[in-house]
Amino acid sequence: MSETPPSLLGLTTYLLSNTGKAARSRLAARLAERDLRLWHMAVLSALVDFGPHVQRELASRLGIDRSDLVKIVDDLAVAGLVNRARDTADRRRVTVTPTPAGHAMLADLQTDALTVQRELLAPLTSTEQAQLAALLRQVHAHVHEGLEGPRSGR
């Protein structure tokens, strides 16, 4: 029988990490049913939300190594979810655009993600879920504003 030590339950960072792993695992399993991974969903989301991107800019936006992004885009292109086109002025630039099938797939993936989210957050009321989401967005914004490590005075 596995029991979490109380000293860990007192650490919000532990709870975030452990809960995040469970959420990621459940969502990854749903995506795997479609032969996709979380990065496939991230790339489709960025393309649908922000529009077509040059591959290197897409890699930078998502924090993905360029060579890894090429493989992800290759997978999506083979599945018919994105189109790639070389820039006629600069043949090194490749623009990635979601296809109608890519838009439809992203909608399906978002439905899957919401199902996992509902299952994971079932113990919370809808008000508590909204509060949790707002607080996590606030922490997410703080972390992604360039938090380099522990800050004193907070």
Can you tell me how far [atom2] of [Y] sits from [atom1] of [X], rounded to the nearest 0.5 angstrom?
{"X": "His103", "Y": "Leu47", "atom1": "NE2", "atom2": "CG", "result": "8.5 Å"}
{"X": "Leu15", "Y": "Thr13", "atom1": "CG", "atom2": "OG1", "result": "8.0 Å"}
{"X": "His40", "Y": "Ile72", "atom1": "NE2", "atom2": "CD1", "result": "6.0 Å"}
{"X": "Thr88", "Y": "Arg86", "atom1": "OG1", "atom2": "CZ", "result": "12.0 Å"}
{"X": "Leu44", "Y": "Gln110", "atom1": "CG", "atom2": "CD", "result": "9.5 Å"}
{"X": "Leu114", "Y": "Glu119", "atom1": "CG", "atom2": "CD", "result": "11.0 Å"}

Can you name the nearest heavy-atom pair linking [X] to [Y], along with the distance?
{"X": "Ala46", "Y": "Leu58", "result": "CB-CD1, 3.8 Å"}
{"X": "Ala59", "Y": "Leu69", "result": "N-CD2, 3.5 Å"}
{"X": "Ala101", "Y": "Leu81", "result": "O-CD2, 3.5 Å"}
{"X": "Leu27", "Y": "Ala113", "result": "CD1-CA, 3.7 Å"}
{"X": "Leu120", "Y": "Ala23", "result": "CD2-CB, 3.3 Å"}

Donor-acceptor pair, [X] side chain versus [Y] backbone, under 3.5 Å?
{"X": "His144", "Y": "Ala141", "result": "no"}
{"X": "Ser45", "Y": "Met41", "result": "yes"}
{"X": "Thr99", "Y": "Gly80", "result": "yes"}
{"X": "Gln129", "Y": "Ser126", "result": "no"}
{"X": "His53", "Y": "Gly51", "result": "yes"}

query: Are the side chains of Thr111 and Leu109 in touch, meaning some heavy atoms are under 4.5 Å apart?
result: no
- prompt: Does the side chain of Leu121 reach to within under 4.5 Å of the side chain of Leu132, using non-hydrogen atoms?
  reply: yes
Same cluster or not: [X] versus [Y], using hydrophobic residues (I, L, V, M, F, W, Y) connected whenever any side-chain heavy atoms lie under 4.5 Å apart?
{"X": "Ile64", "Y": "Leu36", "answer": "yes"}
{"X": "Leu31", "Y": "Val48", "answer": "yes"}
{"X": "Val96", "Y": "Trp39", "answer": "yes"}
{"X": "Leu62", "Y": "Met105", "answer": "yes"}

query: Among all residues two or more places apart in sequence or in another chain, which pass the side-chain contact (heavy atoms from CB on, under 4.5 Å) test with Ser25?
result: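 Not a single residue meets the side-chain contact (heavy atoms from CB on, under 4.5 Å) criterion with Ser25.
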task: Begin with the C-alpha distance, continue with both residues' side-chain angles, and end with the deciding distance and a verdict on side chain to side chain contact (heavy atoms under 4.5 Å, CB included) for Leu136 and Leu16.
output: CA-CA 10 Å; Leu136 287 173; Leu16 281 169; 3.7 Å; yes
Arg56: partners by salt bridge (Lys or Arg N to Asp or Glu O under 4.0 Å), with sequence neighbours left out: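 Result, salt bridge (Lys or Arg N to Asp or Glu O under 4.0 Å) vs Arg56: none returned.
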Arg24 atom CZ, neighbour heavy-atom count above 12 within 6.0 Å: no
CA sep, side-chain torsions, deciding dist, call: Tyr14, Thr4, side chain to side chain contact (heavy atoms under 4.5 Å, CB included): CA-CA 11 Å; Tyr14 172 81; Thr4 305; 3.8 Å; yes
task: Apply side chain to side chain contact (heavy atoms under 4.5 Å, CB included) to Val70 and Arg66, showing your working.
output: CA-CA 6 Å; Val70 170; Arg66 285 188 210 168; 5.6 Å; no
task: Could you please spell out the steps behind the salt bridge (Lys or Arg N to Asp or Glu O under 4.0 Å) verdict for Asp87 and Arg92?
output: CA-CA 7 Å; Asp87 185 322; Arg92 295 170 297 176; over 6 Å; no
message: As a quick check of understanding, evaluate side chain to side chain contact (heavy atoms under 4.5 Å, CB included) for Thr125 and Glu128, giving each step before the final call.
response: CA-CA 5 Å; Thr125 67; Glu128 290 169 333; 3.2 Å; yes
field: Among Arg26, Gln117, Arg34, side chain to side chain contact (heavy atoms under 4.5 Å, CB included) partner for Asp112
entry: Arg34
